[in-house]
Structure formats: C-alpha cells, structure tokens
Amino acid sequence: MSNGLSSLLWFIAILALIPATLWFLKRTPLGGAGGSGVMKSIASLPLSTSQRIVTIEVGSGDERRWLVLGITPSSITTLHSMAPQAVEPAGAASPGATADVHPAFAQILGRLRRPGHGGGSDAR
C-alpha cells in the first residue's frame, strides 16, 4: 500500500507543477515575456464597451514607431503612425493638453467621427 500511496503523491505533485511552471514561464524572459522588447503598450482609451483606441510602440532603436490602433470586436485598424513621443507621468498633463500634444491625431479622430465615416453618433 505504501508503494501505491507514494505513486499517487508523485502524480499529484506533477499535476501541481504543470500550472506553476506555465505561470513561471509566462512571466519571465525565458518564456518570451518582455524578452525582445519589440512591442509594448503605451496607452489605451476606451470609446465604448466594445471599441477602444490603443497606442503601441513597435520596433527598437531607430526603427521604433508608435501606432495608434482602432480596435473593435471584428477588426484592428491603424489610425495613425508617428515617431515615439516623450511620455509624461500620469496626472502631469492638464485634461485639455492632449489636443495640443498631438494635433494631427486629433484632426484624424475628428474626421473619423464625422457622419458618413461610420464613427458618427448616427451610426449607433
């Protein structure tokens, strides 16, 4: 009976190690988490329960770019591409400062939200 109990304990230990190992690999560079630094999230702005705008940084070194993406349940669309900007700490900018920092993006967003572009209030 001792041999059977020992085998059962080893079986339970192995089953417990599987999720622990997967959790460890997911959070370390060994498993691919943050090892290459090729892509990282910069900001996210929810527009509705199913739509949001996300800014990500792709590439490294001189090849770095920020992509502003429109995300819906059925698609991901590149809205704008720009050079990386200096990121201010949260709360450092005034609430209306975002239109001054990226006027080109504000103009693009305004055009997309006009009726006839699918982003206006009459499309809901």
Side-chain angles (χ1 to χ4, degrees):
M1 191 67 157
S2 173
N3 193 16
L5 184 59
S6 176
S7 296
L8 180 63
L9 289 176
W10 275 111
F11 179 71
I12 291 171
I14 290 171
L15 285 180
L17 281 175
I18 291 172
T21 304
L22 292 175
W23 176 85
F24 177 74
L25 286 174
K26 187 175 181 180
R27 285 158 181 78
T28 61
L30 185 62
S36 60
V38 176
M39 182 172 63
K40 70 178 180 177
S41 177
I42 302 298
S44 179
L45 174 67
L47 299 176
S48 71
T49 56
S50 62
Q51 300 174 341
R52 65 185 188 264
I53 294 177
V54 176
T55 302
I56 62 168
E57 182 177 281
V58 294
S60 60
D62 292 338
E63 299 295 319
R64 287 184 3 200
R65 297 294 297 165
W66 279 12
L67 301 177
V68 180
L69 306 174
I71 300 176
T72 67
S74 61
S75 68
I76 299 174
T77 305
T78 303
L79 302 176
H80 188 62
S81 175
M82 63 184 141
Q85 308 291 313
V87 179
E88 296 181 14
S94 63
T98 56
D100 298 333
V101 175
H102 305 291
F105 175 69
Q107 291 170 353
I108 292 169
L109 184 60
R111 276 186 269 150
L112 291 173
R113 295 201 57 122
R114 282 191 206 134
H117 282 73
S121 59
D122 60 336
R124 293 177 194 202

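For clarity, every value in this text was computed on a predicted model and none was experimentally measured.
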What pairs of donor and acceptor atoms, side-chain ones from residues 67-78 against any protein atom, are under 3.5 angstrom apart with sequence neighbours left out?
from : atom 1 : to  : atom 2 : distance (Å)
T72  : OG1    : S74 : N      : 3.4
T72  : OG1    : S75 : N      : 3.1
T72  : OG1    : S75 : O      : 3.3
T72  : OG1    : S75 : OG     : 3.2

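Within the hydrophobic cluster formed by Ile, Leu, Val, Met, Phe, Trp and Tyr side chains joined at under 4.5 Å, directly or through other members, I12 is accompanied by L8. Side-chain contacts under 4.5 Å among hydrophobic residues (ILVMFWY), followed directly or transitively, place I14 with no other residue at all.
Residues meeting the salt bridge (Lys or Arg N to Asp or Glu O under 4.0 Å) test with R64, sequence neighbours left out: E57. Partners of R65 according to the side-chain hydrogen bond (donor to acceptor under 3.5 Å, both in side chains) rule, which considers only residues two or more places apart in sequence or in another chain, are S81.
Minimum heavy-atom separation, V54 to S44: CG2-OG, 3.9 Å.
Follow the hydrophobic side-chain contacts under 4.5 Å out from L47 and you reach L79 in the same cluster. The cluster map of Ile, Leu, Val, Met, Phe, Trp and Tyr, joined by side-chain heavy atoms under 4.5 Å apart, puts I53 and I42 in the same cluster.
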